[in-house]
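See below for the structure under consideration.
As the structure lists them, so they are numbered: ligands from 1, and atoms in each ligand from 1.
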Amino acid sequence: MTEQLTAEQYAESLYAEDPILRMVTEGIRAADMPEISIAPGYGRLLTLLVRMSGAKRVLEIGALGGYSGICLARGLGETGRVVSLELKPDFAEVAKRHVTAAGLGDKVEYRIGEALDSLDALEREGARFDLYFIDADKGNYLNYLERAIRLANPGAIIVGDNALMRGRVVDPSVTSNSVQVMRRFNETIATDPRLESTLLPAYDGLCIARVRTP
Ligand code: MG
């Protein structure tokens, strides 16, 4: 008997393997980095969101090995750019190498250091963004959300990865700080009057919000 696929495996089975993203996944493994890139289905969604919204200025918080950076940059038009914040210089180096190999090196600017410091600098520079992808240290998700709203162009889109934290968010016995912050992040995404939103529970959970126009 053929083993039945999960719904996620079925969805993935419909798509040809992406050689660029496979190169990234292999590069991340070879570099001994955590293998926690965004799920392929959500990577495709990032490309679609950038393309459908016509976002020109994209901010990524947490570059890791460049997988999501490539997905974001793929959706950009001619003049669009991604700013990607990464704590670790060696991760940013790997991400930059992968994004360049994907032919998108001129579209992504890396800023290394604490993301909150980089966000302060961007605010001082008067930067504004049309789309955010938050995928960094979970304990700062609420801080990142507030900063994202503050630097948002009207109608900006905010995407947050790992909303379920491998099930820990829905397990009431888990009370670690990062999980508590993620619960509050999800609640804020769902209820904050400045946002309209949804939470997709497939893979590791993805929040998508739009900053309401005043
Ligand atoms: Mg993630």
Problem set entry | Pairs meeting criterion side-chain hydrogen bond (donor to acceptor under 3.5 Å, both in side chains) with involvement of residues 156-180, two or more places apart |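 Listed by first then second residue: Lys138-Asn162, Asn162-Asp204, Asp171-Ser173.
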Minimum heavy-atom separation for [X] and [Y], please, with both atom names.
X      : Y      : answer
Tyr141 : Ile134 : OH-O, 3.2 Å
Glu35  : Arg29  : OE1-NE, 3.1 Å
Ile112 : Leu87  : CG2-O, 3.8 Å
Gly66  : Val24  : C-CG1, 4.4 Å

Exercise. Any ion pair linking Asp117 and Arg111 (charged N to carboxylate O, less than 4.0 Å)?
Worked result: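 Salt bridge: no.
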Problem set entry | Total protein N/O/S atoms whose distance from the Mg ion (ligand 1) is less than 2.8 Å |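 For the Mg ion (ligand 1), protein nitrogen, oxygen or sulfur atoms under 2.8 Å: 3.
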